[in-house]
Student: 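There's a structure below that I have some questions on.
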Number of protein chains: 2
Amino acid sequence: MDKKIATIQDVAAEAGVSTATVSRTLSKPSVVAEATREAVLAAVERTGYRINATASNLRRQRTGSVIALVPNLANPFFSQILAGINSVLHPVGYGLLVADTQAGPNLDDRLSGYLQSGMADGLILFDGTLPVEPLTTPGRPPVILACEWMDDDLPSVRTENARGASLAVTHLLEMGHRHIGHITGPKGNVLSQTRLSGYVETLSLHQHEQRDDWIFDGDFSMDSGAAAAQKWLQLKDRPTALFCASDEMAIGFMGAVQHQGIRVPEDVSLVGFDNIEVVGHLSPALTTIRQRRTQIGEQAARLLLDMIEAGTLTGVSEIIEVELICRDSVARIPT
Amino acid sequence: MDKKIATIQDVAAEAGVSTATVSRTLSKPSVVAEATREAVLAAVERTGYRINATASNLRRQRTGSVIALVPNLANPFFSQILAGINSVLHPVGYGLLVADTQAGPNLDDRLSGYLQSGMADGLILFDGTLPVEPLTTPGRPPVILACEWMDDDLPSVRTENARGASLAVTHLLEMGHRHIGHITGPKGNVLSQTRLSGYVETLSLHQHEQRDDWIFDGDFSMDSGAAAAQKWLQLKDRPTALFCASDEMAIGFMGAVQHQGIRVPEDVSLVGFDNIEVVGHLSPALTTIRQRRTQIGEQAARLLLDMIEAGTLTGVSEIIEVELICRDSVARIPT
DNA sequence: GGTGCTCCTGTAAACGATTACAGCCAACCT
DNA sequence: AGGTTGGCTGTAATCGTTTACAGGAGCACC
């Protein structure tokens, strides 16, 4: 029978009221009389009416959705954050659009494309290396940075990266290690830089030896961890412990050295960063710095919603605590 | 200056043409005269005009987005699939909305909510256990199932699950194993069932011993793999090899038994399923069945787009090939 | 009885695009 | 010259809501 989807007109006719009343019943029930409200709701029920989001959004000059702009969607690191974002957005009627900054040709255009497209009421940016220039476009929606951040005063949600690095290195020192290396994240990334300087500063603070060839270039990926392992193996004077800027690199490193018969933690100790789920199931289970990813997502979504509702482009930032998770990848060295 | 975002009216005024011409220039450039086109494009440039997607969608009776309904967004298994979906959707101007079937209270309502919301032109469903009843709603958009599937004739994209199981078990048999166990996925899941029966049938085919206590209940998670390991350890008569219905369970199992000093593959051989990235970096690297996840996403998106453009609710299905990836987690047993 | 409230509801104008339809003009043909 | 054609453009209706504004009903108070 009802081939077509009912519109607000149909409901109005069915209930014998005007469309305005139907609309009000649905959005601000308190202003319509009890009897009318019931009649309308009954009509809604009978017609199977569902509000047309597109029309509603057009009229209300909003889109009802938020874009999460992720550097690489295939990276599982983000999925849990997305879950956190969605858990906040969905209950209040916002949809989550995801987009990949790697897809497509020109990076600059893409960011401004998303900003100006009017496809979303707000943007969650996970990539701190994007050009800032498009962010100055006049009618742009509010933006919040998650995980990474820029030097500008854009609001952001991030974790205590420097403190995480410090926790990791301090732990290694406390376990008696004196030769501590580091595998970095990609160059030019704020996370890499912050964790690296956290590592450097902690060692300086305790006046411990630092050597350039104990710092290995990585890019957060497992493969880069494995590559670092090759470098480490070739070293004459190897550090006895490594702080890895990501769990994935720690996994890659560990797999590669174990393949060569090197034992972890007896021959080399490792501390990771992130506490992704798998590292607890490795053998040895990886000692690491925990980042609460769900919480990052939730906070970012919440702060962004605040900005959207307040209609402002500026907002507060938030720092999420990190925590050292001790497992079995660090050996105690007698001093 | 330009505080407000330019509308098509502004462009029309600026270019000295009607809004219709502007619209045509942007959607079907071939029908407008060269000179006009240039004038319009220049005006677009000057005003910084971006088409308002909401208004366009309302008029065209579409939404320009597709919903991916994932059982658990935090599960990294899906992120690569989402990337595949997006890589197809984005170039043709569709957005990807992601939603979690676990969020919120009533499952039944949620699916029908998404179906009727009119928020999307199509739906990609990753959960084969959802109730089918809402799928009979009249004005619903096209739906495609990915990975999992239902007994109905909904179009789907899936991998060769039975063949994957068969490849895994056959490989173990060829390596000389005669006592082969299995860790299953969650009960009631088609993937679990199909992989389990693939396992059973392959063993039957070769007339090999099967024992109920060699089949361990799992749910695809690492924890459930670790739990299976405990059961396996308590067994008097242990299978020498296990086919795990997911890589994650294989990881959990391997971690747990290695923790007890059991060696893989010398003491127990393992084959996983999925080929998630991390398993290549484990030690030993896991032998597994590869599912091309990006391809699953791409195909699902492509088939769904076909249905959307054709305006039909029925479509073709696609089966993606699997492949055995031999690594180091299976020992050869002298026979 | 008139005035002023309060409560509720209806009218109608937006929101910003797309597109069927019609009209205009120039060129071409007979 | 008149008719036809084809290429291009403009007019205006339309998509389905929301909401400012106005209006009517009922009531109380002076």
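In what follows, chains are A, B, ... by sequence order, proteins preceding strands, each numbered from 1.
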Student: Does NZ or CZ of B/Arg62 come closer than 6.0 Å to the centre of the six-membered ring of B/Tyr94, within 45° of the ring's axis?
Tutor: yes
Student: My understanding is that only one of B/Ile319, B/Leu145, B/Val190 makes a side-chain contact (heavy atoms from CB on, under 4.5 Å) with B/Arg158; could you say which?
Tutor: B/Ile319
Student: With hydrogens left out and only the distance checked, is there a donor-acceptor pair under 3.5 Å joining B/Arg59's side chain and the base of D/dT14?
Tutor: yes
Student: For A/Met119 and C/dA17, give me the distance from atom CE to atom C1', rounded to whole Å.
Tutor: 17 Å
Student: If you compare every side-chain N and O of B/Tyr49 against the phosphate oxygens of C/dG16 (OP1, OP2), does one of them come in below 4.0 Å?
Tutor: no
Student: In whole angstroms, how far is the P atom of D/dC15 from the CD1 atom of A/Ile51?
Tutor: 17 Å
Student: Compare side-chain N and O positions of A/Ser23 against OP1 and OP2 of D/dT17 and report whether any pair is under 4.0 Å apart.
Tutor: no
Student: Check every atom of C/dT9, D/dT9, C/dG10 against the side chain of A/Val17 and return the nucleotide holding the closest atom.
Tutor: C/dG10
Student: On a heavy-atom basis, which atom in A/Leu303 and which in A/Glu318 lie closest, and how many Å separate them?
Tutor: CD1-CB, 3.9 Å
Student: State the CD-CD distance between B/Gln295 and B/Glu321, to the nearest 0.5 angstrom.
Tutor: 8.5 Å
Student: Taking atom C1' of C/dT18 as reference, at what distance in whole Å does atom CG of B/Leu58 sit?
Tutor: 10 Å
Student: With rounding to the nearest 0.5 angstrom, report the CD1 to CG distance, B/Ile81 to B/Asn75.
Tutor: 9.0 Å
Student: Which residue lies toward the 5' end of DNA chain D, B/Thr19 or A/Ser27, if each is placed at its nearest nucleotide?
Tutor: B/Thr19
Student: Under 4.0 Å from OP1 or OP2 of C/dG16: is there any side-chain N or O of A/Gln61 that close?
Tutor: yes
Student: For nucleotides 20-26 of chain D, just jot down a letter per nucleotide in 5' to 3' order: B, S or -, based on protein non-hydrogen atoms under 4.0 Å.
Tutor: B------
Student: Between A/Asn57 (CG) and D/dG16 (C1'), how many Å, whole number?
Tutor: 11 Å
Student: May I have the distance from A/Asn52 (atom CG) to D/dC15 (atom P), rounded to whole angstrom?
Tutor: 12 Å
Student: Hey, which of these two, B/Ala35 or A/Gln9, hits DNA chain D nearer its 5' end, going by closest nucleotide?
Tutor: B/Ala35
Student: C/dG10 phosphate, OP1 or OP2: any side-chain N/O from A/Ser18 under 4.0 angstrom?
Tutor: yes
Student: Select one nucleotide: of C/dA17, D/dT18, C/dT9, the one nearest the side-chain heavy atoms of B/Ile8.
Tutor: C/dA17
Student: Would you please classify the geometry between the B/Phe78 ring and the B/Phe126 ring as parallel, tilted or perpendicular, with 30° and 60° separating the classes?
Tutor: perpendicular
Student: Between P on D/dC8 and CD on B/Glu38, what's the gap in Å once rounded to a whole number?
Tutor: 13 Å
Student: Calculate the interatomic distance between B/Lys28 atom NZ and D/dG7 atom C1'; express it in whole Å.
Tutor: 13 Å
Student: Determine: side-chain N/O of B/Ser56 to OP1/OP2 of C/dT18, distance under 4.0 Å, yes or no.
Tutor: yes
Student: What is the distance, rounded to the nearest whole Å, between atom CZ of A/Arg62 and atom P of D/dG16?
Tutor: 19 Å
Student: My understanding is that only one of B/Val40, B/Val32, B/Thr36 makes a side-chain contact (heavy atoms from CB on, under 4.5 Å) with B/Val22; could you say which?
Tutor: B/Val40
Student: Which distance, rounded to the nearest 0.5 Å, do you find between the CG of A/Leu125 and the CG of A/Leu130?
Tutor: 5.5 Å
